[in-house]
Undergrad: 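Can you read through this structure? Questions will come right after.
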Amino acid sequence: MSVADSVILFGASGDLAYKKLYPALYRLWRDDGIRVPVIGVSRSGWGDDDIRDRARRAVDDAGEEPDARDFAEFAERLCYVQGDYADPATFERLAERMGDARAPLAFLAIPPSMFEVVVQGLGAADLDREGRVVVEKPFGRDLQSARELNQVLLANYPEDRIFRIDHFLGKEPVQNVLITRFANGIFEPLWNRHHVASVHVTMAEDFGVETRGAFYDDVGAIRDVVQNHLMQLIALLAMEPPVSDSAEALRDEVSKVMRAARPVACDQVIRGQYRGFRSHDGVDAESQTETFAALRLDIDSWRWAGVPFYVRAGKAMAADVTEAVVEFQAAPRPLFADADCAPHPNHLVFRVKPDDVTSFHLQAKLPGERLVGRGVDLEVSASRAFGEGPEAYERLLKDAMEGDNRLFARQDSVEDAWRIFEPVLEDPPPVHEYPVGSWGPEEASRVLEPGDSWHAPAVEACS
Ligand code: NDP
């Protein structure tokens, strides 16, 4: 597939463009030699100088601080088209600025209500051409709306030119799950219901909704991060080995996990809301939106039948951490253990945030006279060993420009991910209040099997 010959940035004056896309475009220009025209489009009454100023501030804020000559060379490629997306004249002006570009990458960094309008505008003005489209999350708000959005996109672009972005998949530690599992032979024999007792996925943020109250009150934790980011992570943890490293082989296996996942029943979910959420600007005083969700997911496959996947996501929590833990079965009977410290079963931790450490927890002899073990972690950090990789948006933007959709969600898996949460989205159980700085409501333990407990991130008992 050819490399995109231009970028059309819808939402050029927006927050996402500022925080992520201008810095990513700059780094691609500087480090990867991707030197294509970038045409920003939004309503703001800007000209070319304004978009260049905006990009300069965005790049500086992202910590790059290029010198003036360096940046000027990058900025020369930036230009701006002002207009409302609902106005066909906007696309006519855009066509003029695009000149001979035949394969534009249209990045939709815009409110979801505008996705359809823009895609149809591109089609009507024949600007989809041989190009590609990147669609930001949220991809629909339920199964029905996701299907409708897919139909709109597929009416204008073939599936292999549609890039449904989930920036989680652009993160190095998330991709590291694939390398750990499939580039090392030792894990595969253990990676199944015979040896794995449970899988825990946690995405905890130690801050609240801050100024995004109105947005969040309409969305909630399940739609915001569980249905997309955490399901993508679970798919990488649970998938079968792909038959090759091609995009379709990988996406086929992701899709099979989504299909095999049982819809989450309402009694397998606990929803929580942190104390004070309703006082934020834009949040309904009677809001029933969850800022926390804990649930059990079952994957009905030969590999995973009976293994609970426990998922927890929340705001205003005790720590800022995202991780997945694969907990292996305990040794059949305790040996070399003492009464005051029961050994924790072996587990493999993939930490995505705050760092990229993968650690394997096992027992080692406690120095001294007694023949007893204590838990220790074998740790690997790819960034410490090899240096930092690209930022997620930089990586994904480059992939989309080059037509590599390995790390983008496919139509079927997006729809299946919505199917899994349909019962709970349609008939949500009540929310339980929890204190700011906690691990969510106590009721969260109800989703666990007897004898199981939530994994406390990075906190080891008896250390
Ligand atoms: P903003 O509200 O900050 O920006 C929206 C952009 O769309 C602005 O440039 C605005 O232009 C433009 N726009 C909206 N309506 C029109 C219209 N009718 N005609 C022309 N331009 C229009 O949104 P964000 O940048 O925060 O988010 C964009 C998308 O990215 C959303 O889908 C969001 O869910 C997603 N996203 C955002 C993240 C973030 O960190 N911000 C993170 C992950 C996803 P103007 O200002 O000129 O009106």
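Every number for a ligand or one of its atoms is a count from 1 in the order of the listing.
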Undergrad: Would you call Arg419 and Glu422 a salt bridge, using N to O less than 4.0 angstrom?
TA: no
Undergrad: Just to be sure I'm reading this right: ignoring hydrogens, which of Arg43, Gln82, Lys137 gets closest to atom 33 (C) of ligand 1? Compare them by their nearest heavy atoms.
TA: Lys137
Undergrad: What protein heavy atom sits nearest atom 5 (C) of ligand 1, and how far away is it?
TA: Pro111 CD, 3.9 Å
Undergrad: Where does Ala86 meet ligand 1, judged by heavy-atom distances below 4.0 Å: at the side chain, the backbone, both, or neither?
TA: neither
Undergrad: Salt bridge or not for Arg57 and Asp61, using N-O below 4.0 Å?
TA: no
Undergrad: Heavy-atom distances under 4.0 Å are what count here, so tell me which part of Lys20 touches ligand 1: side chain, backbone, both or neither.
TA: neither
Undergrad: Nearest non-hydrogen atom to atom 47 (O) of ligand 1 belongs to which of Ala12, Pro112, Ser44, Ala17?
TA: Ser44
Undergrad: Would you mind checking which non-hydrogen protein atom is closest to atom 4 (O) of ligand 1, with the distance to 0.1 Å?
TA: Gly14 CA, 3.2 Å
Undergrad: For a quick check under 3.5 Å, do Asp142 and Ser145 share a side-chain donor-acceptor pair by atom type?
TA: yes
Undergrad: On a heavy-atom basis, I'd like to know which of Phe115, Tyr393, Tyr85 is closest to atom 21 (N) of ligand 1.
TA: Tyr85
Undergrad: Can you tell me which residue and heavy atom of the protein come closest to atom 45 (P) of ligand 1, and the distance to 0.1 Å?
TA: Ser13 OG, 3.2 Å
Undergrad: Does a side-chain N-to-carboxylate-O contact under 4.0 Å join Arg384 and Asp356?
TA: no
Undergrad: Lys315 and side chain to side chain contact (heavy atoms under 4.5 Å, CB included): which single residue from Asp206, Val209, Val436 fits?
TA: Val209
Undergrad: For a quick check under 3.5 Å, do Gln273 and Arg278 share a side-chain donor-acceptor pair by atom type?
TA: yes
Undergrad: Between the side chains of Glu64 and Arg27, is the shortest nitrogen-to-carboxylate-oxygen separation below 4.0 Å, so that they form an ion pair?
TA: yes
Undergrad: Looking only at protein heavy atoms, identify the closest one to atom 6 (C) of ligand 1 and say how far it is in Å.
TA: Gly11 CA, 3.6 Å
Undergrad: With a 4.0 Å cut-off on heavy atoms, does Gly83 reach ligand 1?
TA: yes
Undergrad: With a 4.0 Å cut-off on N to O distance, would you call Asp399 and Arg395 a salt bridge?
TA: yes
Undergrad: Under 4.0 Å and counting heavy atoms only, is there anything from the protein next to atom 2 (O) of ligand 1?
TA: no
Undergrad: Run down the list Arg212, Glu136, His167 and name the one with the heavy atom closest to atom 43 (C) of ligand 1.
TA: Glu136
Undergrad: Decide, yes or no, whether a salt bridge links Lys256 with Glu253 under the criterion of side-chain N to carboxylate O below 4.0 Å.
TA: yes
Undergrad: Say whether Asn176 and Thr358, considering side chains only, have a donor N or O and an acceptor N or O under 3.5 Å apart.
TA: yes
Undergrad: Contact between ligand 1 and Pro138 is defined here as a heavy atom of the residue under 4.0 Å from a ligand atom; is it met?
TA: yes
Undergrad: What protein heavy atom sits nearest atom 38 (C) of ligand 1, and how far off is it?
TA: Leu16 CD1, 3.7 Å
Undergrad: So which protein heavy atom does atom 40 (O) of ligand 1 come closest to, and at what separation?
TA: Lys19 NZ, 3.3 Å
Undergrad: For His200 and His455, which heavy atoms make the closest approach, and how far apart are they?
TA: ND1-N, 3.7 Å
Undergrad: In terms of atom number and element, which parts of ligand 1 are under 4.0 angstrom from non-hydrogen atoms of Asp84?
TA: 17 (C), 18 (N), 19 (N), 20 (C)
Undergrad: Going by heavy-atom distance to atom 29 (C) of ligand 1, choose the closest among Ile165, Ile110, Asp224.
TA: Ile110
Undergrad: Which of the atoms in ligand 1, numbered in the order shown and given with their element, are less than 4.0 Å from a heavy-atom of Ala109?
TA: 6 (C), 28 (C), 29 (C)
Undergrad: So which protein heavy atom does atom 26 (O) of ligand 1 come closest to, and at what separation?
TA: Asp15 CB, 3.4 Å
Undergrad: Would you call Arg251 and Asp412 a salt bridge, using N to O less than 4.0 angstrom?
TA: no
